[in-house]
Every structure is written in structure tokens, then in C-alpha cells.
Amino acid sequence: MRSPLSKPLSTQAAPAVNKNVMQHITDEQIATRSEDGRDQLFSRKNPQGIRVGNIVLVESQNGPNETTTSSFMGVCVAIRRRGIDTSFTLRNLVMNVGVEQRYSLYSPLIRSIKRLQQSNEIKPRRAKLFYLRNQSGKIYQPLQALWRQEQQQQAKKK
């Protein structure tokens with residue numbers, strides 16, 4: 001007499017399972033959170049994408065239940081590409097104090113990401129531009145003019 005645990009094995013093949021389940025889950029999450037093309041904006045394969053040294057404007061909500069937004073513009077100092085955890089760091093001078101903000105690319109709090117200017121003055125030869133922390137405000141002077149232009153454009157739209 002056989003025990004219920006010793007059933008004969010079936011000869012049918014098991015359904016095909018993706019070998020890397022976590023990669024499949026990550027791809028699904030990126031697809032659902034990247035409705036506005038954020039994944040292409042930071043892709044290495046996109047020549048018009050955001051690179052280190054570009055001037056970037058980010059508009060984000062202040063909180064999950066708030067409707068007010070804040071915007072921050074700065075030089076992209078670093079990009080950390082880790083699938084759904086991709087993040088980027090912006091640096092600017094605010095009242096002669098260096099300010100860095102790190103944003104998660106797929107955060108639902110980010111409303112928009114715009115590249116305002118490519119890196120013409122800075123020709124980065126490194127993946128991370130942390131040496132800008134030690135330099136004076138020469139690099140950040142064009143940011144103020146771009147900020148004024150962006151504010152004028154937003155005022156015209158309203």
C-alpha cells in the first residue's frame with residue numbers, strides 16, 4: 001500500500017519559469033511607474049538623455065497628501081542606476097551655501113524632470129562630479145539666468 005506522499009511523478013514538463021524572477025518584477029515596476037518616459041530620460045543608450053554635468057530642473061510635491069510643489073534646479077553631479085532604485089543628485093548654490101538634493105527617479109512625488117542645458121562649460125571625464133563641491137560659484141552662475149528664464153516662461157503660461 002502506498003502512502004499519500006509517494007504519488008507517482010507526472011511526466012508533463014513544468015511550465016517555463018523565468019530564471020531571474022527579481023529582474024522580471026523590477027521591469028514590471030519600472031513599466032508602471034515610467035508613464036512619462038523617465039526610464040528613457042536617464043538611459044545610457046539615449047543620446048538626448050540626462051548626463052552628469054547637465055543642468056536639470058525637478059518639480060516635486062512637498063508631501064504625499066499635499067498639492068503644493070517645490071522646484072529645484074542644479075547641476076547633475078551623480079547618477080546612480082540601480083533599476084527601480086535609480087537616483088540622481090543635483091547641486092546648486094543657494095545664498096552662497098552649497099545645497100545637494102538626491103531624488104529617486106521613480107518616486108511618485110516627482111511631477112516633472114526637465115533638462116535645461118547640456119554641459120557645455122563642464123566637459124565631465126568622470127561619472128561623479130563630486131569635485132564640484134570644492135570649486136567656487138563659477139559653475140553655478142548660469143543657473144541663476146536659467147532660473148529666471150524658467151520663471152518667466154511659467155508666468156506667461158499662467
Side-chain angles (χ1 to χ4, degrees), residues 18-157:
N18 192 356
K19 292 182 180 178
N20 193 349
V21 177
M22 289 307 296
Q23 182 65 37
H24 180 69
I25 293 171
T26 301
D27 291 344
E28 284 181 358
Q29 288 177 344
I30 289 174
T32 57
R33 294 185 184 179
S34 180
E35 296 170 351
D36 55 353
R38 292 182 191 182
D39 57 343
Q40 292 300 316
L41 196 60
F42 282 88
S43 173
R44 290 184 184 173
K45 297 176 183 175
N46 184 4
Q48 283 79 34
I50 293 178
R51 301 277 182 256
V52 173
N54 291 352
I55 297 175
V56 179
L57 175 70
V58 176
E59 283 188 50
S60 61
Q61 290 179 334
N62 293 340
N65 297 328
E66 296 183 26
T67 57
T68 58
T69 62
S70 63
S71 55
F72 186 80
M73 180 174 56
V75 177
C76 185
V77 175
I79 300 174
R80 181 180 171 268
R81 293 180 177 96
R82 298 288 187 275
I84 195 72
D85 295 328
T86 299
S87 63
F88 58 98
T89 305
L90 301 180
R91 181 174 175 81
N92 196 355
L93 285 179
V94 178
M95 299 180 75
N96 293 330
V97 177
V99 177
E100 286 188 6
Q101 283 198 342
R102 173 173 258 172
Y103 292 99
S104 179
L105 180 60
Y106 298 107
S107 171
L109 296 179
I110 293 181
R111 285 224 174 137
S112 68
I113 302 170
K114 294 181 191 174
R115 183 184 69 182
L116 299 179
Q117 185 179 8
Q118 282 187 330
S119 55
N120 294 332
E121 286 189 26
I122 310 168
K123 299 239 179 202
R125 296 180 179 215
R126 288 161 179 70
K128 311 279 191 254
L129 302 181
F130 293 135
Y131 64 88
L132 293 179
R133 294 173 177 166
N134 301 328
Q135 291 189 356
S136 62
K138 174 187 169 190
I139 294 165
Y140 305 105
Q141 288 173 353
L143 292 176
Q144 295 164 353
L146 284 172
W147 179 258
R148 284 189 216 110
Q149 288 177 357
E150 188 67 28
Q151 294 299 323
Q152 289 173 356
Q153 289 177 356
Q154 287 181 358
K156 286 180 183 178
K157 288 180 182 178

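Heads up: numbering here begins at 1 and tracks the sequence.
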* Going through the distances and angles, do D85 and R80 end up as a side chain to side chain contact (heavy atoms under 4.5 Å, CB included)? -> CA-CA 8 Å; D85 295 328; R80 181 180 171 268; 4.1 Å; yes
* Evaluate side chain to side chain contact (heavy atoms under 4.5 Å, CB included) for V99 paired with N92, printing each intermediate quantity in order. => CA-CA 5 Å; V99 177; N92 196 355; 5.5 Å; no
* Criterion side chain to side chain contact (heavy atoms under 4.5 Å, CB included) on Y103 and I110, from CA distance to verdict -> CA-CA 8 Å; Y103 292 99; I110 293 181; 3.9 Å; yes
* Asked: How long is the gap from CG on L41 to CZ on R38, to the nearest 0.5 Å?
  -> 9.5 Å
* State, yes or no, whether a side-chain contact exists between I79 and F42 at a heavy-atom distance under 4.5 Å. => yes
* Spacing of Q101 atom CD and S87 atom OG [to the nearest 0.5 Å] -> 13.0 Å
* To do: Please say whether more than 12 non-hydrogen atoms of neighbouring residues, nucleotides or ligands are located less than 6.0 Å from CZ in R126.
  => no
* Asked: Do side-chain atoms of T26 reach the backbone of M22 as a donor and acceptor pair under 3.5 angstrom?
  -> yes
* Asked: Closest heavy-atom contact between I50 and C76?
  -> CG2-SG, 4.4 Å
* Can you see which heavy atom on T67 is nearest to which on R111, and at what distance? => O-NH2, 3.7 Å
* Taking the side chain from R115 and the backbone from Q48, do they hold a donor-acceptor pair closer than 3.5 Å? -> yes
* Structure fact -> Heavy-atom nearest pair, N62 first then T69, reads OD1-C, 4.0 Å
* Asked: Shortest non-hydrogen contact from R133 to E100?
  -> NE-OE2, 2.8 Å
* Check: T86 side chain, G83 main-chain N or O, donor-acceptor pair, under 3.5 Å -> yes
* To do: Any chance you could measure T32, atom OG1, to D27, atom CG, to the nearest 0.5 Å?
  => 11.0 Å
* Are M73 and I55 close enough that some pair of their side-chain heavy atoms sits under 4.5 Å apart? -> yes
* Asked: Rounded to the nearest 0.5 Å, how far does CG of N20 lie from CD1 of I25?
  -> 9.5 Å
* To do: Begin from the C-alpha positions of I84 and R33 and carry the test side chain to side chain contact (heavy atoms under 4.5 Å, CB included) through to its verdict.
  => CA-CA 9 Å; I84 195 72; R33 294 185 184 179; 4.1 Å; yes
* Any sub-3.5 Å donor-acceptor pair from R51's side-chain atoms to R44's backbone N or O? -> yes
* **Side-chain heavy-atom pair Y106, D39 within 4.5 angstrom cut-off** => yes
* Supply the atom-to-atom distance L116 CG to L57 CG, rounded to the nearest 0.5 angstrom. => 5.0 Å
* **Interatomic spacing from OG in S104 to CG in L109 - rounded to 0.5 Å** => 9.5 Å
